[in-house]
Number of protein chains: 2
Amino acid sequence: MVEPAEHPSTGRPLRKDAVRNRELLITTAAAAFSVSGADVPLEDIAGRAGVGIGTLYRHFPTRDSLVEAVYRHEVDVLVERADQLLDTLPPDQALKEWMQIFVRHVATKRGMLSVLKPMLSSNSSLFAETHGRATAATTKLLEAGVAAGTVRADVDGGDLLRAVGGICMSTDQERSDTSDRLVGLLFDGLRHGVGVGSSSGAPS
Amino acid sequence: MVEPAEHPSTGRPLRKDAVRNRELLITTAAAAFSVSGADVPLEDIAGRAGVGIGTLYRHFPTRDSLVEAVYRHEVDVLVERADQLLDTLPPDQALKEWMQIFVRHVATKRGMLSVLKPMLSSNSSLFAETHGRATAATTKLLEAGVAAGTVRADVDGGDLLRAVGGICMSTDQERSDTSDRLVGLLFDGLRHGVGVGSSSGAPS
DNA sequence: TGCAAAACGGAGGTAGCCTCCGTATAATAA
DNA sequence: TTATTATACGGAGGCTACCTCCGTTTTGCA
């Protein structure tokens, strides 16, 4: 569901081994970018994924195209995660959990940011699409909470996404506890003026 | 006056040929960055400057150190230019001329910006120093105009610098006529409420 | 099972980075 | 002026990463 896996030029579906290698490359690249920053040798990534360098280049003709694929994949994961959480937790808990996962997730991707930022400002459709999907996921979580009466109704999904993104950006160091506290603060704000009737403990 | 030209480790003055080559490299690099963007091969720069690659690396051990030197030199030039203009033109004309030179100057340096931006945000002392000098030059021009009664007195040098910088950033294309018009507009605003005529003194 | 299309893999050509050291030159002492 | 020495020059060469190309392997299909 994450990747339709079609051939780029002809519309035909990708061969099974091609699909496997493509996904393998994306996850390996994500890990490599996290560990070694955005300028890991592409040959390293191919090597760690257990494929030849030719295979990497066939799937991703440029470094940017690989970074873009990794980024899209990250967004996919985060969006899917929102649905999973909504299925397994009360809406307000799902929202809080998701915000924390989001921040921690971005924290491990810091190495990519220097490459990603210019890409997002030059490739506006990439930005629009991923931003739209992230906003939709945020809105969905919010609205579920509103429907359950555990989250205030006057908050916009886009605004909340921006706020969470701001937390990611402002915490330059690896101070994950700071981020957690900020997320907690933000979350408490989301419940302001709503009866404490959910399944969670009382806020501060 | 621009460069004291001291040896980096020992405090001794640089040998004459070393000074010459260093300056040659900076001006050549500035031209190369303008023409071919920030990732010109360093060997090209050395070649165009007529020195060996070893000489380039001795003066500038990293690419960033060369970019930084070029940037500092550009600021030097602009600051000196302000003094020259003040010596040869009525203050308000000097100010207008300087704003135009500033904008055109930055326009030719666009290739460097992608490298310079991250440098300025990570190297805060570099930013503070150059920004301070540029603000001082702007303030000096402004105050001369105020003293002559041809520029309004309620404008801050830092604000004006920011405004001119904004014009540089907003004009992405090579539309230099647009920039000129914007500078003209801004300049007219600086004279608002002051009697016309650049030599007669009519302080508010 | 056999065949054609699709995908794989990695050798090798290219390019830019950076170091190292023998040679040249400027500064200084005699 | 000449001799001496500290500085600086230059570019060959080793290294690393990029990317292409093509013979080999695998997959999907009849």
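A, B, ... follow the sequence lines: proteins, then strands. Residue 1 opens every chain. Side-chain atoms are counted along with the backbone in the values below, which use heavy atoms only and exclude waters and symmetry mates.
Within 4.0 Å of R58(A), counting heavy atoms only, lies at least one base atom of the nucleic acid.
Under the ring-ring contact (aromatic ring centres under 6.0 Å, His included) criterion, the residue pairs touching residues 112-166 of chain A are F127(A)-H131(A), with sequence neighbours excluded.
For dA7(C), neither phosphate oxygen OP1 nor OP2 lies less than 4.0 angstrom from any side-chain nitrogen or oxygen of H59(A). Residue N21(A) places at least one side-chain N or O under 4.0 Å from the OP1 or OP2 atom of dC8(C). The side chain of T55(B) contributes no N or O atom lying less than 4.0 Å from OP1 or OP2 of dA8(D). For dT26(D), neither phosphate oxygen OP1 nor OP2 lies less than 4.0 angstrom from any side-chain nitrogen or oxygen of R15(A).
Near DNA chain C, meaning a heavy atom under 4.0 Å away, the residues from residues 30-49 of chain B are P41(B), L42(B), E43(B).
Between L25(A) atom CG and dG9(C) atom C1' the separation is 12 Å, expressed in whole Å. The CG-P distance, from L66(B) to dC18(C), rounds to 12 Å in whole Å. One interatomic measurement links the two molecules: CZ of F60(B) to C1' of dC18(C), which rounds to 16 Å at whole-angstrom precision. Between the NZ atom of K16(B) and the P atom of dC9(D) there is a distance of 14 Å, rounded to whole Å. Atom P of nucleotide dG10(D) and atom CG of L56(B) are separated by 11 Å, given to the nearest angstrom. Distance, D17(A) CG to dT25(D) P: 15 Å, rounded to whole Å. Atom CD1 in I53(B) sits roughly 11 Å away from atom C1' in dT19(C) (whole-Å rounding). Following rounding to the nearest Å, L14(B) (CG) and dA27(C) (C1') show an atom-to-atom distance of 13 Å.
Look at D92(A) and K96(A) and you find no salt bridge, because none of the NZ, NE, NH1 or NH2 atoms lies under 4.0 Å from a carboxylate O. Look at E129(A) and R72(A) and you find a salt bridge, because one of the NZ, NE, NH1 or NH2 atoms lies within 4.0 Å of a carboxylate O, short of that distance. Under 4.0 Å is where a charged nitrogen must lie from a carboxylate oxygen, and between R63(A) and D39(A) no such pair does. A salt bridge links R162(B) with D159(B); the closest basic N to acidic carboxylate O contact falls under 4.0 Å.
Between the side chain of R152(B) and the main chain of G189(B), a donor-acceptor pair closer than 3.5 Å is present.
F187(A) has its side chain out of reach of Q100(A): every pair of non-hydrogen atoms, C-beta onward, lies at least 4.5 Å apart.
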